[in-house]
Q: 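Please read through the structure below; I'll follow up with questions.
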Amino acid sequence: MKNKIFLRNKNNPIPEFNDLSLNFWISPPLKEKISEIAQLLREKFPNQDYVPQDMYHCTVKSCGLLRKQIQESVIPDVIKKTKEALVGFQPFEVELKGFSQFPNNIFVQVFSPDDKLFELHKRLNNAIPFSEYPEFEGNNYMPHVAVIYFYEEPTELFETIKKNYQEISFGKMLVSQINIIKGGLPPDGHRVDVLETFKLGI
């Protein structure tokens, strides 16, 4: 794991915001397996910021921060373009295996053996001209499930994961629907609101 990190300030929380994105939820059995490892890590490193189990998801396409990068008025257009881009796209399988990190969090890696997830990202990225992190779209897209954000220096946390969980396999799941969500970090904790759900294969 890389050493570059970004620490959140626990005493000065991030202001409330909502990001708009397209995601799929992680299946309940895989959520449970991830949560079991997260709980073991929480017992040893209680002062980090652990994503709640019911929020585990994989982002397929980011659309930007509402009221900062984009306005609420674009949501109907995003829904329309998403529906058009998903026509005929079939359900596909992904595998969740191992951990990696961004500067601000530790995540579970999401693999797409037949590259269908990357094909889906490309479709949506071409159709929807908004992004919170354009530098991580297209060829730089890295599917992941965020699990731990950093309040404290995480060197020992990295070492524990590398020693015990680096290559752990959580299993495979079928991606059969995509959600448009608003996700936020309000003062009272993590939150997501599902605005629209699209079933694949229609």
Q: Give a yes or no on this: more than 12 heavy atoms of other residues, nucleotides or ligands lie within 6.0 Å of atom CG of D114.
A: yes

Q: Among I26, V147, L30, whose side-chain contact (heavy atoms from CB on, under 4.5 Å) with V108 holds?
A: V147

Q: Are E36 and L40 side-chain neighbours, meaning at least one heavy-atom pair lies under 4.5 Å?
A: no

Q: Using ring pair (Phe, Tyr, Trp, His ring centres under 6.0 Å) as the criterion, list what pairs up with F198, not counting sequence neighbours.
A: none

Q: Does a side-chain heavy-atom distance below 4.5 Å link T82 with I180?
A: yes

Q: Output, in order, the C-alpha distance, side-chain angles, deciding distance and verdict of side chain to side chain donor-acceptor pair (under 3.5 Å) for E137 and S131.
A: CA-CA 8 Å; E137 303 280 15; S131 179; 2.7 Å; yes

Q: Quick one: pull up CE in M173 and NZ in K31 and give me the separation to the nearest 0.5 Å.
A: 9.0 Å

Q: Considering only NZ, NE, NH1 and NH2 on the basic side and carboxylate oxygens on the acidic side, decide whether K83 and E196 come within less than 4.0 Å.
A: no

Q: Going from NZ on K33 to OG on S169, what distance comes out if it is rounded to the nearest 0.5 angstrom?
A: 7.0 Å

Q: Show your reasoning for whether side chain to side chain contact (heavy atoms under 4.5 Å, CB included) applies to N179 and L22.
A: CA-CA 6 Å; N179 307 295; L22 285 81; over 6 Å; no

Q: Measure the shortest side-chain to side-chain distance between F107 and F102 over non-hydrogen atoms and say whether it is less than 4.5 angstrom.
A: yes

Q: Do L174 and V60 land in one hydrophobic cluster if side-chain heavy atoms of ILVMFWY residues count as linked below 4.5 Å?
A: no

Q: Looking at every heavy atom in both G138 and N125, which two are closest together, and how far apart are they?
A: N-ND2, 3.6 Å

Q: Is the backbone of K122 close enough, under 3.5 Å, to the side chain of N126 for a donor and an acceptor to pair up by distance?
A: yes

Q: Please examine the side chains of S21 and K61, heavy atoms only from C-beta on, and report whether any two atoms are closer than 4.5 Å.
A: no

Q: Could you see if V194 belongs to whatever hydrophobic cluster contains L200? Use Ile, Leu, Val, Met, Phe, Trp, Tyr and a side-chain cutoff under 4.5 Å.
A: yes

Q: I'd like to know whether L41 forms a side chain to side chain contact (heavy atoms under 4.5 Å, CB included) with Y165, so could you lay out the CA-CA distance, the side-chain angles of the two residues, the decisive distance to 0.1 Å, and finally the verdict.
A: CA-CA 10 Å; L41 294 169; Y165 311 115; 4.0 Å; yes

Q: Under 4.5 Å between side-chain heavy atoms, hopping through other hydrophobics if needed: is there a path connecting L157 to Y151?
A: no

Q: Verify side chain to side chain contact (heavy atoms under 4.5 Å, CB included) between I161 and I37, making sure each step is shown before the conclusion.
A: CA-CA 10 Å; I161 289 176; I37 302 301; over 6 Å; no

Q: With side chain to side chain donor-acceptor pair (under 3.5 Å) as the test, would you mind laying out the steps for T155 and E153 before giving the verdict?
A: CA-CA 6 Å; T155 299; E153 213 290 328; 2.6 Å; yes

Q: Identify the heavy atoms of P76 and S73 that sit nearest to each other, and give their distance.
A: CD-O, 3.4 Å

Q: Identify the two heavy atoms, one from R123 and one from A85, that lie closest to each other, and give their separation to 0.1 Å.
A: NH1-O, 2.9 Å

Q: Picking from F45, F6, Y50, F158, what satisfies ring pair (Phe, Tyr, Trp, His ring centres under 6.0 Å) with F150?
A: F158

Q: If you round to the nearest 0.5 Å, how far is CG of N47 from CZ of R42?
A: 11.0 Å

Q: Could you give the distance from CG (D77) to CD1 (I128), rounded to the nearest 0.5 Å?
A: 8.5 Å

Q: Taking Y141 as the fixed residue, which of F118, F136, Y133 is the one that meets the ring pair (Phe, Tyr, Trp, His ring centres under 6.0 Å) rule?
A: F118

Q: For E84, is there an ion pair with K80 - N to carboxylate O distance below 4.0 angstrom?
A: yes

Q: What closest approach, in Å, do I70 and C63 show between heavy atoms, and which atom pair accounts for it?
A: CD1-O, 3.3 Å

Q: Under a 4.5 Å side-chain heavy-atom rule over Ile, Leu, Val, Met, Phe, Trp and Tyr, are I106 and F111 clustered together?
A: no

Q: Between D19 and K182, does any side-chain N to carboxylate O distance fall below 4.0 Å?
A: no

Q: Look only at the side chain of N105 and the backbone of I148, and say whether a donor-acceptor pair between them is shorter than 3.5 Å.
A: no

Q: Do V175 and P91 touch side chain to side chain, with heavy atoms closer than 4.5 Å?
A: no

Q: For residues G64 and Q69, report the shortest heavy-atom separation together with the two atoms involved.
A: CA-OE1, 3.3 Å

Q: Any chance you could measure L66, atom CG, to N18, atom CG, to the nearest 0.5 Å?
A: 6.0 Å

Q: Report yes if some heavy atom in the side chain of D193 is under 4.5 Å from a heavy atom in the side chain of I181; otherwise report no.
A: no

Q: Any ion pair linking E119 and K116 (charged N to carboxylate O, less than 4.0 Å)?
A: yes

Q: Would you find a donor on one side and an acceptor on the other, under 3.5 Å apart, between the side chain of H57 and the backbone of F24?
A: no

Q: Flag the pair V145 / Q109 as yes when at least one side-chain heavy-atom distance between them is below 4.5 Å, and no otherwise.
A: no

Q: Between Q90 and F92, is the side chain to side chain contact (heavy atoms under 4.5 Å, CB included) condition met? List the steps.
A: CA-CA 6 Å; Q90 298 300 310; F92 59 95; over 6 Å; no

Q: Apply the test side chain to side chain donor-acceptor pair (under 3.5 Å) to residues S62 and E132: give CA-CA distance (whole Å), side-chain angles for both, the deciding distance (0.1 Å), then the verdict.
A: CA-CA 6 Å; S62 73; E132 184 176 350; 5.6 Å; no

Q: Would a single hydrophobic cluster contain both L117 and M142, if residues Ile, Leu, Val, Met, Phe, Trp and Tyr are joined by side-chain heavy-atom contacts under 4.5 Å?
A: no

Q: Quick test of your reading of the model: are K97 and E167 salt-bridged, counting only N-O distances below 4.0 Å?
A: no

Q: Which pair of non-hydrogen atoms, one from W25 and one from Y56, has the smallest distance, and what is that distance?
A: CE3-O, 3.5 Å

Q: What's the separation between atom CG in D49 and atom OH in Y149, rounded to the nearest 0.5 Å?
A: 8.5 Å

Q: Is the shortest heavy-atom distance from the side chain of T197 to the side chain of I178 under 4.5 Å?
A: no

Q: Going through the checks in order, is the side chain to side chain donor-acceptor pair (under 3.5 Å) test met by E152 and Q48?
A: CA-CA 6 Å; E152 295 184 347; Q48 302 292 7; 5.0 Å; no

